[in-house]
Amino acid sequence: MSIELKNLKKAYKDKMVVDHLSLEIDNGEFFALLGSNGAGKTTTIKMLSCMLIPTEGDAFLLGDSIITSPEAVKQNINVSPQETAVAPNLTVRENLEFIARIYGSGKEKARKMSHEMMMEFSLLDKAKTKAKTLSGGWQRRLSIAMALISKPKILFLDEPTLGLDVRARRELWKVLETLKGKVTVVLTTHYLDEAEALADRIGIMHQGRLQALGTASELKKQHSMKSLEDIFLILTEEGVK
Ligand SMILES: Nc1ncnc2c1ncn2[C@@H]1O[C@H](COP(=O)(O)OP(=O)(O)OP(=O)(O)O)[C@@H](O)[C@H]1O
């Protein structure tokens with residue numbers, strides 16, 4: 001088991017944002033969390049990545065509790081957040097080296113790891129380009145490479161293809177596909193086709209609760225519907241509890 005959520009809850013005053021979420025995600029699984037705006041996806045990811053303390057409940061990442069062992073959890077994870085994490089005035093290579101150094105690599109090792117990452121992510125010919133001059137798609141690609149340079153066992157991707165054009169999205173999908181089976185990935189997205197194309201399993205959240213869970217074909221079978229979009233619309237309708 002890679003990730004185990006046990007009755008995870010987050011409330012702001014009397015507003016329940018994540019409502020007793022329980023879920024298990026396997027090692028190497030590519031898991032997509034869907035839900036409309038405000039469903040609680042980002043809050044869930046922030047709690048799992050120890051950026052936000054739950055109001056109640058707990059989660060275990062590779063056996064470590066986010067409440068009692070956040071430092072151990074942080075050793076195994078990384079996040080590519082919604083707002084891209086790249087330093088705009090550093091080049092692609094410098095951004096990667098900077099992160100590798102933060103994670104404790106010496107100068108030579110950081111250089112070597114950055115080179116490997118640039119090869120893996122087809123960033124080599126952009127090595128000397130300042131991040132701020134890259135297109136949104138390439139910035140996001142760099143942000144994911146930066147998140148992977150620490151060799152995390154679990155990677156959280158919050159809306160990785162937000163704002164990208166169709167071609168840039170498809171290009172990024174190819175990159176994400178190469179992660180399958182190697183790293184446990186939890187991805188949030190508003191693109192249902194993205195979840196269907198990439199994820200082993202999909203969870204649909206609505207008002208802080210998990211309304212559905214399964215592979216795309218299981219969800220279609222369960223709801224006797226051909227399209228994930230129709231299922232999503234029914235499960236996330238106003239007033240549905
Ligand atoms: N610091 C905060 N104080 C009060 N309410 C908050 C705070 N942070 C988030 N919320 C509320 O929690 C709810 C869930 O937000 P969250 O960002 O987790 O949703 P989401 O599913 O990621 O949405 P989106 O798809 O729009 O990114 C929203 O109603 C949001 O307004």
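Everything numeric in this text was worked out from a predicted model, so none of it was measured. Every number for a ligand or one of its atoms is a count from 1 in the order of the listing.
Defined by atom type and a distance below 3.5 Å, a donor-acceptor pair is present between the side-chain atoms of Asp158 and Thr188. When only modelled atom types and interatomic distance are considered, Arg140 and Ser80 share a side-chain donor-acceptor pair under 3.5 Å. For the 3.5 Å distance criterion, the side chains of Asn89 and Lys130 fail to qualify, holding no donor opposite an acceptor.
Electrostatic pairing of Lys180 and Asp200 counts as a salt bridge here, judged by a charged N lying under 4.0 Å from a carboxylate O. A salt bridge links Arg169 to Asp193: one of the charged nitrogens lies within less than 4.0 Å of a carboxylate oxygen.
Every residue meeting the side-chain contact (heavy atoms from CB on, under 4.5 Å) condition with Lys220, not counting sequence neighbours, appears here in chain and number order: Glu196, Ile231.
Contact residues for ligand 1 (protein heavy atom closer than 4.0 angstrom to any ligand atom): Tyr12, Lys15, Val17, Ser36, Asn37, Gly38, Ala39, Gly40, Lys41, Thr42, Thr43, Gln82, Glu159, His190.
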